[in-house]
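It should be emphasised that the depicted structure is a prediction, and the values quoted were computed from it without experimental measurement.
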Amino acid sequence: MGINLKQLAAELKLSTSTVSRALHDSHEISTETKQRVREMAEKLSYQPNPYASSLRKQKSKTIALVIPEIDNNFFTLAINGIEEIAQKKNYHVLIYLTHEDINKEIAIAKHLLSGRVDGILISVTSQTAEIEHLTTLYSTGIPIVFFDRICDQIDTAKITTDDYDSGFKATHHLIEAGCKNIAYLQVSETLSISKKRFAGFKEALHKKNIPLQTDLVLTCAESNESNYEQIKNLLLSKNRPDGIFASVEKLAITTYEVCNELGIKIPDQVKVISFSNLATAPLLNPSLSTITQPAFDIGKKAAEVIFNIIEHRAVEEAKETTILKSTLISRDSTK
């Protein structure tokens with residue numbers, strides 16, 4: 001009677017993920033460790049799942065792309081960048097939408113354990129705090145690259161933008177435009193991008209000796225209706241902000257809608273800046289000041305990295321973090 005993976009790992013005094021990756025000939029495991037694992041596996045008659053193994057040996061010529069939403073222009077542009085590289089490589093891209101739902105993300109991760117894709121590109125949901133499903137997926141040895149919304153705890157390639165600097169610049173821009181009562185709108189308190197953008201926001205206030213007001217920090221992670229009500233209450237409150245920094249574009253659009261309903265004039269009564277890749281930002285009334293991310297290039301770079309890992313087992317690149325610069329574009333909403 002053979003033993004299971006957990007028992008084999010215990011015998012070797014290694015983690016199950018290390019043993020699993022060694023058995024799948026992962027580029028991240030040293031030759032000595034692979035040798036030691038194989039010898040022990042043979043000695044103890046360890047039998048891996050033949051179905052999953054045979055699937056992994058054959059290239060499916062498919063990569064999975066897991067994203068939280070499609071109605072955000074950032075992801076539309078990132079998909080275009082990914083597709084450009086995938087087509088050159090004659091690969092298919094399977095797109096999985098989590099709709100910002102952690103349970104959907106967990107279900108997708110379980111589905112991808114079957115080994116039917118050669119690599120996975122992922123941007124996590126705003127609810128992703130527990131990451132066991134992602135560490136399990138990573139432990140199988142399938143190449144994974146995180147982009148934009150990354151998972152810091154997993155030691156794999158990450159493609160992102162300068163969120164802290166951009167958060168600082170956007171807030172500094174509002175202060176320079178005369179704002180002293182600045183609200184910050186976010187979709188999550190735990191997301192890596194939210195934390196970094198918020199840290200930049202706080203630092204810019206601190207540099208100008210402006211106190212952080214917690215009642216002006218809103219986490220709008222629910223439905224559009226709920227977000228609308230939260231922003232409306234903020235703009236009707238006694239402590240009404242004179243500047244709004246939306247960390248995602250949908251919250252900037254909702255702010256415009258609320259201001260329109262309440263008859264609040266942008267930029268005379270409240271100035272607005274947002275992270276956004278909207279092609280229509282210059283056409284809004286007033287035109288929206290934005291922090292524009294290089295979304296297409298982020299997608300393209302993420303695809304280049306995953307294919308490098310798949311084709312060349314690029315060990316160094318499999319661990320690297322690439323940071324691409326965003327651009328602040330000043331328009332009428334902060335004049």
Side-chain angles (χ1 to χ4, degrees), residues 66-69 72-75 77-78 98 100 102 105 121-131 134 144-176 179 182-208 210-214 216-221 243-252 272-278 289-299 301-302 305 319-329:
V66 185
I67 54 173
E69 53 187 356
N72 179 329
N73 227 44
F74 171 86
F75 290 109
L77 294 167
T98 58
E100 297 284 23
I102 182 64
E105 188 177 271
L121 297 174
I122 181 165
S123 200
V124 300
T125 79
S126 56
Q127 301 175 352
T128 309
E130 290 299 317
I131 58 158
L134 298 173
I144 297 177
V145 172
F146 288 98
F147 71 101
D148 188 46
R149 298 172 172 205
I150 61 175
C151 183
D152 284 315
Q153 305 94 307
I154 296 177
D155 190 18
T156 186
K158 301 169 182 83
I159 319 296
T160 182
T161 185
D162 53 344
D163 289 298
Y164 174 86
D165 290 343
S166 298
F168 181 92
K169 281 180 193 153
T171 313
H172 180 75
H173 179 72
L174 287 172
I175 296 167
E176 291 288 292
C179 301
I182 303 169
Y184 179 78
L185 313 181
Q186 62 186 1
V187 289
S188 162
E189 289 171 25
T190 54
L191 261 183
S192 60
I193 57 168
S194 295
K195 284 191 207 164
K196 286 168 190 160
R197 290 172 189 180
F198 186 49
F201 167 75
K202 287 193 292 188
E203 181 58 20
L205 294 180
H206 176 70
K207 278 260 165 81
K208 294 286 184 181
I210 298 171
L212 174 72
Q213 301 177 72
T214 50
L216 294 182
V217 178
L218 292 193
T219 303
C220 307
I244 287 179
F245 174 15
S247 68
V248 295
E249 67 190 23
K250 69 178 177 187
L251 299 179
V272 182
I273 191 166
S274 176
F275 268 84
S276 174
N277 283 81
L278 280 173
S289 292
T290 58
I291 295 280
T292 300
Q293 295 167 276
F296 180 84
D297 293 331
I298 287 173
K301 179 68 180 171
V305 170
K319 306 280 186 191
E320 276 177 11
T321 295
T322 305
I323 298 172
L324 302 176
K325 291 264 180 217
S326 293
T327 315
L328 191 152
I329 302 167

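- Taking both residues in full, the closest heavy atoms of N277 and Q293 are given as ND2-O, 2.6 Å, listed atom of the first, atom of the second, then distance.
- Taking 4.5 Å as the limit, some side-chain heavy atom of L205 sits within range of a side-chain heavy atom of I175.
- For E189, there are no salt bridge (Lys or Arg N to Asp or Glu O under 4.0 Å) partners at least two apart in sequence or on another chain.
- Between V217 and L212, the closest side-chain pair of non-hydrogen atoms falls below 4.5 Å.
- The distance from the NZ atom of K319 to the CD1 atom of I154 is 11.0 Å, given to the nearest 0.5 Å.
- Nearest heavy-atom pair, S126 versus T190, reported as atom, atom and distance to 0.1 Å: O-OG1, 3.8 Å.
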Assess whether side chain to side chain contact (heavy atoms under 4.5 Å, CB included) is satisfied between K195 and Q186, documenting all intermediate values.
CA-CA 9 Å; K195 284 191 207 164; Q186 62 186 1; over 6 Å; no
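- Partners of N72 by side-chain hydrogen bond (donor to acceptor under 3.5 Å, both in side chains), not counting sequence neighbours, listed by chain and number: E69.
- With a 4.5 Å cut-off on side-chain heavy atoms, L218 and L251 do not count as touching.
- Open room surrounds CD on E130; 12 or fewer heavy atoms of other groups in view lie less than 6.0 Å from it.
- When all heavy atoms are compared, the tightest approach of F147 to A302 is CB-CB, 4.1 Å.
- Residues T321 and I150 have side chains not in contact (no heavy-atom distance under 4.5 Å, counting atoms from C-beta outward).
- In terms of modelled atom types and a separation under 3.5 Å, the side chain of S194 and the main chain of S188 share a donor-acceptor contact.
- Scanning for ring pair (Phe, Tyr, Trp, His ring centres under 6.0 Å) contacts around Y184 gives F198, F201, F245, with sequence neighbours left out.
- Under the ring pair (Phe, Tyr, Trp, His ring centres under 6.0 Å) criterion, F146 pairs with no residue, sequence neighbours left out.
- Proximity of K250 to V187: side-chain heavy atoms (C-beta onward) are separated by under 4.5 Å at one or more points.
- A donor-acceptor contact under 3.5 angstrom links the side chains of T161 and S326, judged on distance only.
- For the pair Q153 (side chain) and I131 (backbone), a donor-acceptor distance under 3.5 Å is absent.
- Not counting sequence neighbours, the partners of D165 by the side-chain contact (heavy atoms from CB on, under 4.5 Å) test are D162, K325.
- With rounding to the nearest 0.5 Å, the separation of OG in S247 from CG in D163 is 9.5 Å.
- Interatomic distance, L328 CG to K169 NZ, rounded to the nearest 0.5 Å: 7.5 Å.
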Might you work through the side chain to side chain contact (heavy atoms under 4.5 Å, CB included) test for L134 and I144, ending with a clear yes or no?
CA-CA 9 Å; L134 298 173; I144 297 177; over 6 Å; no
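- Annotation: the span from I210 atom CD1 to T171 atom OG1 amounts to 9.5 Å, rounded to 0.5 Å.
- Note that NE2 of H173 and CD1 of I329 are 11.0 Å apart. Values are rounded to the nearest 0.5 Å.
- When side chains are defined from C-beta on, I182 does not count as touching L216, because their heavy atoms never get closer than 4.5 Å.
- Between F74 and V248, every side-chain heavy-atom pair lies at or beyond the 4.5 Å cut-off.
- Although no hydrogens or angles enter the test, the distance criterion places a donor-acceptor pair under 3.5 Å between the side chain of K158 and the main chain of T156.
- Of all heavy-atom pairs spanning E105 and T128, the tightest one is OE2-OG1, 2.9 Å.
- With rounding to the nearest 0.5 angstrom, the CG atom of D297 is 6.5 Å from the CG atom of L324.
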Run the numbers on Y164 and E203 for side chain to side chain contact (heavy atoms under 4.5 Å, CB included), then give the verdict.
CA-CA 9 Å; Y164 174 86; E203 181 58 20; 3.1 Å; yes
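- Scanning both residues, I244 and L185, for their nearest heavy atoms gives CG2-CD1, 3.7 Å.
- For the pair D148 and S123, the tightest heavy-atom approach, listed with the atom from each and the gap, is CB-OG, 3.9 Å.
- Qualifying salt bridge (Lys or Arg N to Asp or Glu O under 4.0 Å) partners for E100, counting only residues two or more places apart in sequence or in other chains: R149.
- Of the possible donor and acceptor atoms, one in the side chain of Q127 sits under 3.5 Å from a partner among the backbone N and O of I102.
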